[in-house]
Amino acid sequence: MAQKPRSISATAPRLGKALKRSFFDRSVHEVAPDLIGATFLVGGAGGIITEVEAYHHTDPAAHSYRGPTPRNQVMFGPPGFSYVYRSYGIHWCVNFVCEEAGSASAVLIRAIEPTHGLAAMRRRRGLEDERALSSGPGKLCEALGITIAHSELPLDRAPIALHARTEAPEIITGVRIGITKAVDLPWRYGLKGSKFLSKRF
DNA sequence: CTATGGATGCGCT
DNA sequence: GCGCATCCATAGA
(Lines give C-alpha, C1' and ligand atoms only; values in the text may rest on other atoms or scores of the structure.)
Protein backbone atom coordinates (compact mmCIF):
# COMPACT_ATOMS: atom_id res chain seq x y z
CA MET A 1 0.00 0.00 0.00
CA ALA A 2 1.34 3.37 -1.03
CA GLN A 3 2.11 5.80 1.72
CA LYS A 4 -0.11 8.87 1.74
CA PRO A 5 1.90 11.98 0.80
CA ARG A 6 2.27 14.52 3.56
CA SER A 7 0.38 17.73 2.93
CA ILE A 8 2.51 20.87 2.62
CA SER A 9 -0.32 23.30 3.32
CA ALA A 10 -0.41 23.72 7.08
CA THR A 11 -3.86 25.23 7.35
CA ALA A 12 -6.84 25.73 5.08
CA PRO A 13 -6.74 29.44 4.21
CA ARG A 14 -9.94 31.42 4.51
CA LEU A 15 -11.30 33.03 1.41
CA GLY A 16 -11.30 36.81 1.01
CA LYS A 17 -14.17 38.73 -0.52
CA ALA A 18 -15.02 38.04 -4.15
CA LEU A 19 -13.01 40.13 -6.61
CA LYS A 20 -15.17 42.33 -8.81
CA ARG A 21 -14.66 42.56 -12.53
CA SER A 22 -13.63 46.22 -12.10
CA PHE A 23 -10.51 44.99 -10.26
CA PHE A 24 -9.10 44.34 -13.72
CA ASP A 25 -9.92 47.80 -15.08
CA ARG A 26 -6.41 49.03 -14.24
CA SER A 27 -2.92 48.81 -15.66
CA VAL A 28 -1.69 45.24 -16.04
CA HIS A 29 1.35 46.35 -14.00
CA GLU A 30 -0.91 47.14 -11.02
CA VAL A 31 -3.18 44.13 -11.39
CA ALA A 32 -0.43 41.52 -11.76
CA PRO A 33 1.22 42.01 -8.32
CA ASP A 34 -2.22 42.47 -6.72
CA LEU A 35 -3.16 38.96 -7.85
CA ILE A 36 -0.36 37.37 -5.81
CA GLY A 37 -2.06 35.84 -2.78
CA ALA A 38 -5.54 35.88 -4.31
CA THR A 39 -7.44 32.59 -4.50
CA PHE A 40 -8.39 31.27 -7.95
CA LEU A 41 -10.94 28.47 -8.21
CA VAL A 42 -12.48 26.72 -11.21
CA GLY A 43 -15.39 24.45 -10.41
CA GLY A 44 -14.37 24.54 -6.76
CA ALA A 45 -10.78 23.41 -7.31
CA GLY A 46 -7.73 25.66 -7.13
CA GLY A 47 -5.75 27.67 -4.65
CA ILE A 48 -3.59 30.68 -3.89
CA ILE A 49 -1.95 32.43 -6.83
CA THR A 50 1.81 32.34 -6.25
CA GLU A 51 3.20 33.44 -9.62
CA VAL A 52 2.03 35.59 -12.53
CA GLU A 53 3.46 37.47 -15.50
CA ALA A 54 2.26 40.75 -17.04
CA TYR A 55 1.89 41.08 -20.81
CA HIS A 56 1.31 44.65 -21.99
CA HIS A 57 0.01 45.36 -25.47
CA THR A 58 3.12 47.41 -26.32
CA ASP A 59 5.30 44.41 -25.39
CA PRO A 60 6.67 42.28 -28.26
CA ALA A 61 6.22 39.15 -26.14
CA ALA A 62 2.46 39.74 -25.79
CA HIS A 63 0.09 37.79 -28.02
CA SER A 64 -1.81 41.03 -28.65
CA TYR A 65 1.30 42.92 -29.84
CA ARG A 66 0.57 42.48 -33.55
CA GLY A 67 -3.12 43.29 -33.30
CA PRO A 68 -6.32 41.26 -33.03
CA THR A 69 -6.57 37.73 -34.43
CA PRO A 70 -9.17 35.00 -33.93
CA ARG A 71 -7.04 33.55 -31.12
CA ASN A 72 -6.41 36.70 -29.10
CA GLN A 73 -9.62 38.67 -29.75
CA VAL A 74 -10.79 38.42 -26.14
CA MET A 75 -7.71 40.44 -25.13
CA PHE A 76 -9.17 43.37 -27.12
CA GLY A 77 -12.49 43.20 -25.29
CA PRO A 78 -13.47 44.36 -21.79
CA PRO A 79 -11.30 43.53 -18.76
CA GLY A 80 -12.18 40.83 -16.27
CA PHE A 81 -12.42 37.93 -18.72
CA SER A 82 -10.33 34.82 -19.23
CA TYR A 83 -8.04 34.22 -22.21
CA VAL A 84 -6.97 30.59 -22.68
CA TYR A 85 -4.54 29.50 -25.38
CA ARG A 86 -2.69 26.31 -26.28
CA SER A 87 1.02 26.29 -25.66
CA TYR A 88 3.49 24.12 -27.54
CA GLY A 89 0.59 22.14 -28.95
CA ILE A 90 0.12 20.32 -25.68
CA HIS A 91 -0.69 22.55 -22.73
CA TRP A 92 -3.35 25.13 -21.97
CA CYS A 93 -2.44 28.45 -20.33
CA VAL A 94 -4.85 30.92 -18.74
CA ASN A 95 -4.70 34.73 -18.61
CA PHE A 96 -6.84 37.43 -17.01
CA VAL A 97 -7.60 40.35 -19.38
CA CYS A 98 -6.77 43.77 -17.90
CA GLU A 99 -7.15 47.49 -18.51
CA GLU A 100 -9.75 49.40 -20.48
CA ALA A 101 -11.50 47.70 -23.36
CA GLY A 102 -9.27 47.53 -26.38
CA SER A 103 -5.94 47.96 -24.59
CA ALA A 104 -5.29 44.22 -24.98
CA SER A 105 -3.13 43.48 -21.95
CA ALA A 106 -3.33 40.39 -19.75
CA VAL A 107 -1.84 38.59 -16.76
CA LEU A 108 -0.62 35.02 -17.31
CA ILE A 109 -1.36 32.86 -14.27
CA ARG A 110 1.77 30.71 -13.85
CA ALA A 111 1.41 28.88 -10.55
CA ILE A 112 -0.92 28.33 -7.60
CA GLU A 113 -0.64 26.70 -4.20
CA PRO A 114 -3.35 24.01 -4.09
CA THR A 115 -5.89 24.62 -1.32
CA HIS A 116 -9.26 23.44 -2.67
CA GLY A 117 -10.31 20.29 -4.51
CA LEU A 118 -6.99 18.50 -4.00
CA ALA A 119 -8.47 15.10 -4.89
CA ALA A 120 -9.78 16.37 -8.23
CA MET A 121 -6.48 18.10 -8.96
CA ARG A 122 -4.51 14.93 -8.25
CA ARG A 123 -6.87 12.86 -10.38
CA ARG A 124 -6.60 15.20 -13.40
CA ARG A 125 -2.82 15.44 -13.10
CA GLY A 126 -2.27 11.75 -12.39
CA LEU A 127 0.12 12.85 -9.62
CA GLU A 128 0.25 12.74 -5.87
CA ASP A 129 3.01 15.30 -5.25
CA GLU A 130 1.30 18.46 -4.04
CA ARG A 131 4.19 20.67 -5.10
CA ALA A 132 3.96 19.47 -8.70
CA LEU A 133 0.19 19.73 -9.07
CA SER A 134 0.00 23.33 -10.27
CA SER A 135 3.52 24.83 -10.20
CA GLY A 136 3.48 25.93 -13.83
CA PRO A 137 1.03 27.49 -16.30
CA GLY A 138 0.28 24.23 -18.12
CA LYS A 139 0.22 22.22 -14.91
CA LEU A 140 -2.32 24.43 -13.20
CA CYS A 141 -4.66 24.36 -16.21
CA GLU A 142 -4.57 20.58 -16.24
CA ALA A 143 -5.12 20.44 -12.47
CA LEU A 144 -8.10 22.80 -12.62
CA GLY A 145 -9.53 21.25 -15.77
CA ILE A 146 -9.07 24.46 -17.79
CA THR A 147 -9.38 24.13 -21.58
CA ILE A 148 -10.28 26.41 -24.49
CA ALA A 149 -13.88 25.97 -23.28
CA HIS A 150 -12.89 28.19 -20.35
CA SER A 151 -11.73 31.08 -22.56
CA GLU A 152 -13.69 34.33 -22.80
CA LEU A 153 -15.51 33.65 -19.51
CA PRO A 154 -16.21 36.39 -16.93
CA LEU A 155 -13.95 36.01 -13.91
CA ASP A 156 -16.70 36.81 -11.40
CA ARG A 157 -19.13 34.07 -12.46
CA ALA A 158 -19.27 30.31 -12.09
CA PRO A 159 -17.46 28.12 -12.82
CA ILE A 160 -14.69 30.65 -12.07
CA ALA A 161 -14.29 32.24 -8.63
CA LEU A 162 -11.69 34.79 -7.51
CA HIS A 163 -11.19 35.87 -3.91
CA ALA A 164 -9.03 38.79 -2.80
CA ARG A 165 -6.08 38.06 -0.53
CA THR A 166 -6.60 38.66 3.16
CA GLU A 167 -3.07 39.87 3.94
CA ALA A 168 -0.48 41.86 2.03
CA PRO A 169 2.16 39.34 0.86
CA GLU A 170 5.85 39.92 0.23
CA ILE A 171 6.28 39.96 -3.52
CA ILE A 172 9.39 39.23 -5.52
CA THR A 173 9.93 40.20 -9.16
CA GLY A 174 12.04 38.86 -11.98
CA VAL A 175 12.27 38.43 -15.72
CA ARG A 176 9.64 36.34 -17.46
CA ILE A 177 10.06 32.66 -18.28
CA GLY A 178 10.15 30.88 -21.60
CA ILE A 179 9.91 33.85 -23.93
CA THR A 180 12.21 34.93 -26.73
CA LYS A 181 11.20 38.60 -27.09
CA ALA A 182 11.55 41.40 -24.52
CA VAL A 183 13.36 38.94 -22.28
CA ASP A 184 14.76 41.57 -19.88
CA LEU A 185 11.50 43.16 -18.70
CA PRO A 186 10.98 42.40 -14.95
CA TRP A 187 7.30 41.63 -15.26
CA ARG A 188 7.22 38.31 -13.41
CA TYR A 189 5.77 38.45 -9.88
CA GLY A 190 5.97 35.79 -7.19
CA LEU A 191 4.99 35.10 -3.60
CA LYS A 192 8.22 35.32 -1.62
CA GLY A 193 9.21 32.05 0.01
CA SER A 194 6.51 30.00 -1.69
CA LYS A 195 7.29 26.35 -2.45
CA PHE A 196 4.78 26.44 -5.30
CA LEU A 197 6.65 28.42 -7.97
CA SER A 198 7.38 27.16 -11.49
CA LYS A 199 11.07 28.10 -11.11
CA ARG A 200 13.14 30.03 -8.62
CA PHE A 201 13.36 33.79 -9.14
C1' DC B 1 21.06 19.76 -8.34
C1' DT B 2 21.33 21.54 -13.72
C1' DA B 3 21.08 20.49 -18.77
C1' DT B 4 19.02 18.52 -22.74
C1' DG B 5 15.69 16.99 -26.05
C1' DG B 6 11.17 14.98 -27.60
C1' DA B 7 6.15 15.33 -27.89
C1' DT B 8 2.68 18.07 -29.79
C1' DG B 9 -1.45 21.83 -32.11
C1' DC B 10 -1.93 25.68 -34.34
C1' DG B 11 -1.32 30.79 -35.39
C1' DC B 12 1.04 33.26 -38.33
C1' DT B 13 4.61 34.42 -42.30
C1' DG C 1 6.85 25.58 -42.97
C1' DC C 2 8.49 27.77 -38.55
C1' DG C 3 8.33 28.73 -33.89
C1' DC C 4 6.45 28.89 -29.69
C1' DA C 5 4.06 32.71 -22.66
C1' DT C 6 5.59 24.03 -21.56
C1' DC C 7 6.28 19.65 -19.26
C1' DC C 8 8.61 15.54 -18.31
C1' DA C 9 11.98 11.83 -18.57
C1' DT C 10 16.56 11.08 -18.72
C1' DA C 11 21.56 11.83 -18.24
C1' DG C 12 25.33 13.57 -15.87
C1' DA C 13 27.71 16.29 -12.02
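Order of the sequence lines fixes the chain letters, A, B, ..., with proteins taken first and strands second; residue numbering starts at 1 for each chain.
- Under a 4.0 Å N-O distance rule, the pair A:Glu99/A:Arg26 does not qualify as a salt bridge.
- Taking 4.0 angstrom as the limit, A:Arg66 places none of its side-chain polar atoms (N or O) nearer than this to OP1 or OP2 of B:dG11.
- For A:Leu140 and C:dC7, the CG to C1' distance is 13 Å, given to the nearest whole Å.
- OP1 and OP2 of C:dC7 both lie 4.0 Å or more from every side-chain N or O belonging to A:Arg110.
- An OP1 or OP2 oxygen of C:dC4 is reached within less than 4.0 angstrom by a side-chain nitrogen or oxygen of A:Thr180.
- Summarising the geometry, the separation between CZ on A:Arg131 and P on C:dC7 is reported as 16 Å, rounded to the nearest angstrom.
- At a cut-off of 3.5 Å, with distance as the only test, a side-chain donor of A:Thr69 or A:Asn72 sits close to an acceptor on the other residue.
- Following rounding to the nearest Å, A:Trp92 (CH2) and B:dT8 (P) show an atom-to-atom distance of 16 Å.
- Atom CD1 in A:Ile179 sits about 9 Å away from atom P in C:dT6, given to the nearest Å.
- Closest approach of A:Val84 to A:Trp92, counting heavy atoms only: CG1-CE3, 3.9 Å.
- The interatomic distance linking A:Arg188 (CZ) with C:dA5 (C1') rounds to 12 Å, in whole Å.
- Following chains of ILVMFWY side-chain contacts shorter than 4.5 Å, one cannot reach A:Ile177 starting from A:Val52, and the two form parts of different hydrophobic clusters.
- Look at CZ on A:Arg71: it is 11 Å from P on B:dT13, rounded to the nearest Å.
- When the side-chain nitrogen and oxygen atoms of A:Lys181 are compared with OP1 and OP2 of C:dC4, none of them lie within a distance under 4.0 Å.
- For C:dC7, the OP1/OP2 oxygens have no side-chain nitrogen or oxygen of A:Ser87 closer than 4.0 Å.
- Under 3.5 Å, the side chains of A:His57 and A:Ser105 contain a donor-acceptor pair of N or O atoms.
- C:dA5 has its base stacked against the ring of A:Tyr55, the centroids being under 5.5 angstrom apart at an interplanar angle below 30°.
- Considering every non-hydrogen atom in both A:Arg176 and A:Ala61, the closest pair reads NH2-CB, 3.8 Å.
- With distances taken from any side-chain atom of A:Lys139 to the nucleotides B:dC12, C:dA5, C:dC8, the minimum falls on C:dC8.
- Residues A:Tyr85 and A:Leu127 both approach DNA chain C. Their nearest nucleotides, taken by heavy-atom distance, put A:Tyr85 toward the 5′ side.
- Here the C1' atom of nucleotide B:dG6 and the NE2 atom of A:His91 are 11 Å apart, to the nearest Å.
- With distances taken from any side-chain atom of A:Ile90 to the nucleotides C:dT6, B:dA7, C:dA5, the minimum falls on B:dA7.
- Comparing atom distances between the A:Arg86 side chain and each of C:dT6, B:dG9, C:dC8 picks out B:dG9 as nearest.
- Helical stems in DNA chain C, defined as runs of 3 or more consecutive Watson-Crick or G-U wobble pairs with donor-acceptor distances under 3.5 Å: B:1-7 with C:6-12, B:9-12 with C:1-4.
- Closest to the side chain of A:Pro70, from the set C:dC7, B:dC12, C:dA5, is B:dC12.
- When the C1' atom of C:dT6 is taken as reference, atom NE2 of A:His63 falls 12 Å away, rounded to whole Å.
- Aromatic ring centres of A:Tyr85 and A:Tyr83: separated by under 6.0 Å.
- Remark: the A:Thr58 side chain and the A:His56 side chain contain an N/O donor-acceptor pair separated by less than 3.5 Å.
- Among the atoms of the strands shown, only primed sugar atoms or phosphate atoms (P, OP1, OP2) are found under 4.0 Å from some heavy atom of A:Arg125.
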